[in-house]
There are 2 protein chains.
Amino acid sequence: MKPKIPVPETLTDQLRRGALMATECPSRDVLKHVTSRWGMLSLIVLLDGTHRFSELRRKIGGVSEKMLAQSLQALEGDGFILRKSLPVVPPHVEYSLTPLGVEVAVQVRQLGDWIELNLSRVLQAHVQRAA
Amino acid sequence: MKPKIPVPETLTDQLRRGALMATECPSRDVLKHVTSRWGMLSLIVLLDGTHRFSELRRKIGGVSEKMLAQSLQALEGDGFILRKSLPVVPPHVEYSLTPLGVEVAVQVRQLGDWIELNLSRVLQAHVQRAA
DNA sequence: GTAAGTACGTACAAAAAGGTAAGTACCCAT
DNA sequence: ATGGGTACTTACCTTTTTGTACGTACTTAC
């Protein structure tokens, strides 16, 4: 007879807690925002402090206004970024990381740093593969 | 007069070394492979040891064969993954991490772990925003 | 013999991401 | 008064990504 293992939590609970390997887990969405090209770079830049919209745009090479705005909104929705709009004209908006945002951003920066530091080794792998 | 700062390396050198904020830097491509949805999850699973293709497919919820193959090939090209094909029929292929791959995978898993562990806090942010 | 599994490649279609250009409403410098 | 900057939004179009379904060549299980 099969030993009956008591189920400590429902599947829904598991998903709420975080189950990246399951398709339907909301963590997949968060992952998408955090690892999106412009999202990642925004988080990294914001670790250096508060920035205005246009400052971010200039620091992040190749980003369009549309995509930057979109990425920032997704991260704001996840509670990673704080948006402070000063009621002046011309517009003045300041973006900064929330405490939660600092935590992810640190993880993201570590990954980004590793890639920057080890790029030459990866490029090595490419040339050896080509040979 | 402006003090002339001697340039220690060319722009090309900087890009080769890794300059994530610059559009044309090859590190952007590596980043893309590593942070791609299926790439990330593959790396994380492979940290647990060697897997066959179909084992990976079953562990990674929602991945199609096509995308899995594609992601694995990209990571293989970057020197992160080793592919060993046994000359038998039916086919038997084993995937594992290279030493370089283990290093990135550790970074990736840390980010993944953070998200899984803190998902509830992010979900909190969403409901508060909705209110 | 019939179905399922193995590790893909390929063709086609759908979906998502991204780029471009324009508009807004007002300020400042030339 | 003309041009540029600010922080976006919207519409439209292109590119990229992803999914679906099928084919392969052969084995094992039923």
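To find a chain, count down the sequence lines: A is the first, B the second, and so on, and within it residues start at 1.
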In sequence, state the C-alpha distance, the side-chain angles, and the governing distance for B/E94 and B/R83, and then conclude on salt bridge (Lys or Arg N to Asp or Glu O under 4.0 Å).
CA-CA 6 Å; B/E94 296 187 340; B/R83 178 180 180 273; over 6 Å; no

Under the criterion salt bridge (Lys or Arg N to Asp or Glu O under 4.0 Å), I'd like the reasoning laid out for B/E116 against B/R109: C-alpha separation, chi angles, the key distance, then a yes or no.
CA-CA 10 Å; B/E116 288 208 333; B/R109 186 171 60 181; over 6 Å; no

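Comparing C/dC8, D/dT18, C/dC27 against the side chain of B/F53 picks out C/dC8 as the nearest. Of the candidate nucleotides D/dT20, D/dA7, C/dA7, C/dA7 has the atom nearest to the side chain of B/V93. The side chain of A/R52 lies closest to D/dT6 when the candidates are D/dT27, C/dA11, D/dT6. If you check D/dC26, C/dC8, D/dT6 against the side chain of B/P90, the one that comes closest is D/dC26. For B/E65, the side-chain atoms get nearest to C/dC8 when compared with the rest of D/dG19, C/dG19, C/dC8. The side chain of B/K32 has D/dT17 as its nearest neighbour among C/dG19, D/dT17, C/dC8.
B/R58 has no side-chain polar atom (N or O) that falls below the 4.0 Å cut-off from OP1 or OP2 of C/dG5. Of the side-chain N and O atoms in A/K66, none sit less than 4.0 angstrom from OP1 or OP2 of C/dA17. For the OP1/OP2 pair of C/dG18 and a distance below 4.0 Å, the side-chain nitrogens and oxygens of A/S64 include no atom meeting the criterion. For D/dC8, one of the phosphate oxygens OP1 or OP2 lies less than 4.0 angstrom from a side-chain nitrogen or oxygen of A/R83. Of the side-chain N and O atoms in B/R37, none sit less than 4.0 angstrom from OP1 or OP2 of D/dT18. Distances shown here put a side-chain N or O of B/S54 below 4.0 Å from the OP1 or OP2 atom of C/dA7.
Residue contacts shown for B/Q73 are limited to sugar-phosphate atoms, with no base heavy atom under 4.0 Å away.
At distances below 3.5 Å, at least one donor-acceptor pair connects side-chain atoms of B/T98 with backbone N or O atoms of B/F80. Remark: the backbone N or O of B/P90 is not paired with any side-chain donor or acceptor of B/H92 at under 3.5 angstrom. A donor-acceptor contact shorter than 3.5 Å links the side chain of A/R28 to the backbone of A/L20.
In a base pair of the Watson-Crick type (N1 to N3 plus N6-O4 or O6-N4) or a G-U wobble (N1-O2 and O6-N3), with each distance short of 3.5 Å, D/dC30 is matched with C/dG1.
The side chain to side chain contact (heavy atoms under 4.5 Å, CB included) with A/Y95 is formed by just one residue from the set A/L75, A/L68, A/I81; it is A/I81.
Note: CG (A/D29) to P (C/dA16) measures 12 Å, nearest angstrom. A/R57 has its CZ atom 13 Å from the P atom of C/dT20, to the nearest Å. We find that CD1 of A/I60 is positioned 13 Å from P of C/dG18, with the value rounded to whole Å. Computed from coordinates, the A/L86 CG to C/dC27 C1' distance equals 15 Å when rounded to whole Å. The CH2-P distance, from B/W38 to D/dT18, rounds to 8 Å in whole Å. To the nearest angstrom, P of D/dT15 lies 17 Å from CE of A/M67. If you take CG of A/L72 and C1' of D/dA7, they are 11 Å apart, rounded to a whole angstrom. Distance, A/L68 CG to C/dA17 C1': 15 Å, rounded to whole Å.
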